[in-house]
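Scroll down for the structure; my scribbles are underneath it.
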Amino acid sequence: MSANDKRVSLEALVSLCKRRGFIYPASEIYGGINGFWDYGPLGVQLKNNIRDDWWRHMVESPPLDENGEPLQIVGLDSSIIQNPKAWVASGHVGGFNDPMVDCKACKARFRADQIDDYACPRKPSKKPGEYDQCKLTEPREFNLMFETYVGAIKDDDSRAYLRPETAQGIFLNYKNILDTTRVKIPFGVAQIGKAFRNEVTPRNFVFRSREFEQMEMEWFCHPDEALKWYAFWKAERMRWWRGLGIDESNLRFRDHEPDELAHYSDACVDVEYLYPFTAPNFGELEGLAHRGCFDLTQHQEHSGQKLEYIDQETNERYMPNVIEPAAGLTRGVLVILCEAYAEEWVPKDGSDGGPQPAAPGANPPDGYEARTVMKFAPKLAPIKVAVFPLLKNKPELVQKSRDVFNELRQHWPCFFDQTGAIGRRYRRQDEIGTPFGVTIDFESLEDNTVTLRDRDTMQQERVAIRELSARVSAGLQA
Ligand code: GAP
């Protein structure tokens, strides 16, 4: 089912994220701060699950090469603030700009290259420049890097930058890694971390933020093999996103036109997603760039350090080429939230029929009620199992439920809920995407079985307590 078919509304998603503790506006009690977001208890868990899956796929259990050997990829966690000369060398100080246009009449600011996507704040809303009163300035270049000062004195010599991408920390450590580990070309270095961009117009929830997280891997290879590896990583990255449970029809590739290529890039393709706010168009989720030898050559020139690779077997000397899969982690969270969100009609008494997609704007038919359910892939769900005593005023039920909960929470993040009608407790878990619910009832006291409920089908079955962990484990891997 595509995002369009499900008619995800960004407003509904933002509201659920706030209500249930996935994502909050940063500094909300002070009125917020544009372009910054805080990840709440469920949001941080979801983000960590995506992050860990990427890390596992890249570093701990990397893909196999054409001979069935695992690729060599090592991890890194470099500093957010680096010597500012690094950002001169990388081209960010001189060229990491967006063109910006201001309206002197209404004081609004727009990105000049996307002006058709904006609305003038006057009502009825038109495109910027379409009112007689509009006074648009000529486009001006605006550098996106956040500046700060290192040490007690604030002057040009102490100016430094918050990194606008994690990639450069990898290039700065390329020589360290070659000198201290046993990697040989081809190899990769992977890093996950915060990046900061003073975006002209942050918008669409966390899609374009001023503080966000990236998952980047620089793949160093022989120049003759760069195109082969570009094709390899293109296929691999799409496979990974699909493996998170994203519907194929909501993902696509888009090759960059030559005039779109970043200053460092020989070729670039984006993995794009059908966001509710871009539909029917797609928007960027990850960039895959063939960076040639731009970065290492620049850093060699600016640092005076030799960064050429010497092949120990052939004695060949060359500057490696780099293929870079650069994914947004926080943008990935948004995609997973959009993809998981569903509104359904379900039988009120939990009987047959099962869930069916809700018709937009209509009321559920007799005997049915609406539910919102986050259909996360089980491996990404923030909470894996919820445990419910059928009644909270029966101590023996509560005790048995606690025992089951204590067993399950040794393996997975679990939630214990004894408040409210059982139907309401199921709905609360559906809304945060918990794949399994376990209910302990009077039968449990007699025969040591429980009810295991599946979030998506809402089907319930009796399972022996001693088999519960194995059943849940199998279900989470499905
Ligand atoms: N090292 C290359 C690089 O940084 P990029 O296309 O500018 O390339 C990579 O960024 C990814 O980082 C994007 O595909 C997107 O997912 C994420 N990203 C970039 N800017 C962002 C922003 N302002 N807010 C959220 N995510 C962003």
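Indexing begins at 1, ligand by ligand and atom by atom, following the structure's order.
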Considering only the protein, which heavy-atom contact is closest to atom 13 (C) of ligand 1, and what is its distance?
-> Glu284 OE2, 3.2 Å
Counting from 1, what ligand 1 atoms have a heavy atom of Glu286 closer than 4.0 Å?
-> 14 (O)
Met215: heavy atom below 4.0 Å from ligand 1, yes or no?
-> no
How does Arg291 reach ligand 1, if at all, at less than 4.0 Å between non-hydrogen atoms: by side chain, backbone, both, or neither?
-> side chain
CG of Asn281 to CZ of Arg254: how many Å apart, nearest 0.5 Å?
-> 10.5 Å
Within reach of ligand 1, part of Glu216 (heavy-atom separation under 4.0 Å) | side chain
Please state which part of Arg331 comes within less than 4.0 Å of ligand 1, counting heavy atoms only: side chain, backbone, both or neither.
-> side chain
If you count the atoms of ligand 1 from 1 in the order shown, which ones are under 4.0 Å from a heavy atom of Glu324?
-> 1 (N), 2 (C)
Sub-4.0 Å atoms of ligand 1 with respect to non-hydrogen atoms of Ser209 = 22 (C), 23 (N), 24 (N), 25 (C)
Any N/O pair Thr330/ligand 1 closer than 3.5 Å = no
Heavy-atom proximity to atom 16 (O) of ligand 1 ranks first, among Thr166, Asn198, Leu285, for Leu285
How many angstroms lie between atom CZ of Phe253 and atom CZ of Arg237, to the nearest 0.5 angstrom?
-> 10.0 Å
In ligand 1, the atoms that come under 4.0 Å of a heavy atom of Glu199 are 22 (C), 23 (N)
Mind running side-chain hydrogen bond (donor to acceptor under 3.5 Å, both in side chains) on His256 and Asp270 for me, showing each step along the way?
-> CA-CA 7 Å; His256 282 212; Asp270 286 344; 2.9 Å; yes
Nearest protein heavy-atom contact for atom 12 (O) of ligand 1: which residue, which atom, what distance?
-> Gln214 NE2, 3.3 Å
For atom 5 (P) of ligand 1, closest protein heavy-atom neighbour = Arg197 NH2, 3.9 Å
Taking it one step at a time, do Gln305 and His299 satisfy side-chain hydrogen bond (donor to acceptor under 3.5 Å, both in side chains)?
-> CA-CA 8 Å; Gln305 300 276 323; His299 288 305; over 6 Å; no
Which one of Gly328, Ser90, Gly332 has a non-hydrogen atom at the shortest distance from atom 17 (C) of ligand 1?
-> Gly328
So the ring pair (Phe, Tyr, Trp, His ring centres under 6.0 Å) pairs with at least one residue in residues 126-147 (sequence neighbours excluded) are none
So which protein heavy atom does atom 11 (C) of ligand 1 come closest to, and at what separation?
-> Ala326 O, 3.6 Å
Do me a favour and list the nearest non-hydrogen protein atom to atom 25 (C) of ligand 1 with residue, atom name and distance?
-> Phe207 O, 3.0 Å
Hey, is the main chain of Thr314 close enough, under 3.5 Å, to the side chain of Asp311 for a donor-acceptor pair?
-> yes
Between the OH atom in Tyr275 and the CD atom in Glu339, the distance rounded to the nearest 0.5 Å is 11.0 Å
Ala167 to ligand 1: N or O pair under 3.5 Å?
-> no
Side chain to side chain donor-acceptor pair (under 3.5 Å) partners for Gln191, two or more places apart | Ser78
Test applied, salt bridge (Lys or Arg N to Asp or Glu O under 4.0 Å); reference residue, Glu431; option that passes from Arg20, Arg455, Arg371 | Arg20
Using the ring of each side chain (for Trp, its six-membered ring), is Tyr174 parallel, tilted or perpendicular to Phe220, with breaks at 30° and 60°?
-> tilted
Salt bridge (Lys or Arg N to Asp or Glu O under 4.0 Å) between Asp116 and Lys127, intermediate numbers included = CA-CA 7 Å; Asp116 284 348; Lys127 296 233 165 82; 5.1 Å; no
Find the distance between CH2 (Trp37) and CZ (Arg210) and round it off to the nearest 0.5 Å.
-> 12.0 Å
Contacting atoms of ligand 1, where contact means under 4.0 angstrom from a heavy atom of Gly287 | 14 (O)
So which protein heavy atom does atom 18 (N) of ligand 1 come closest to, and at what separation?
-> Phe212 CE1, 3.5 Å
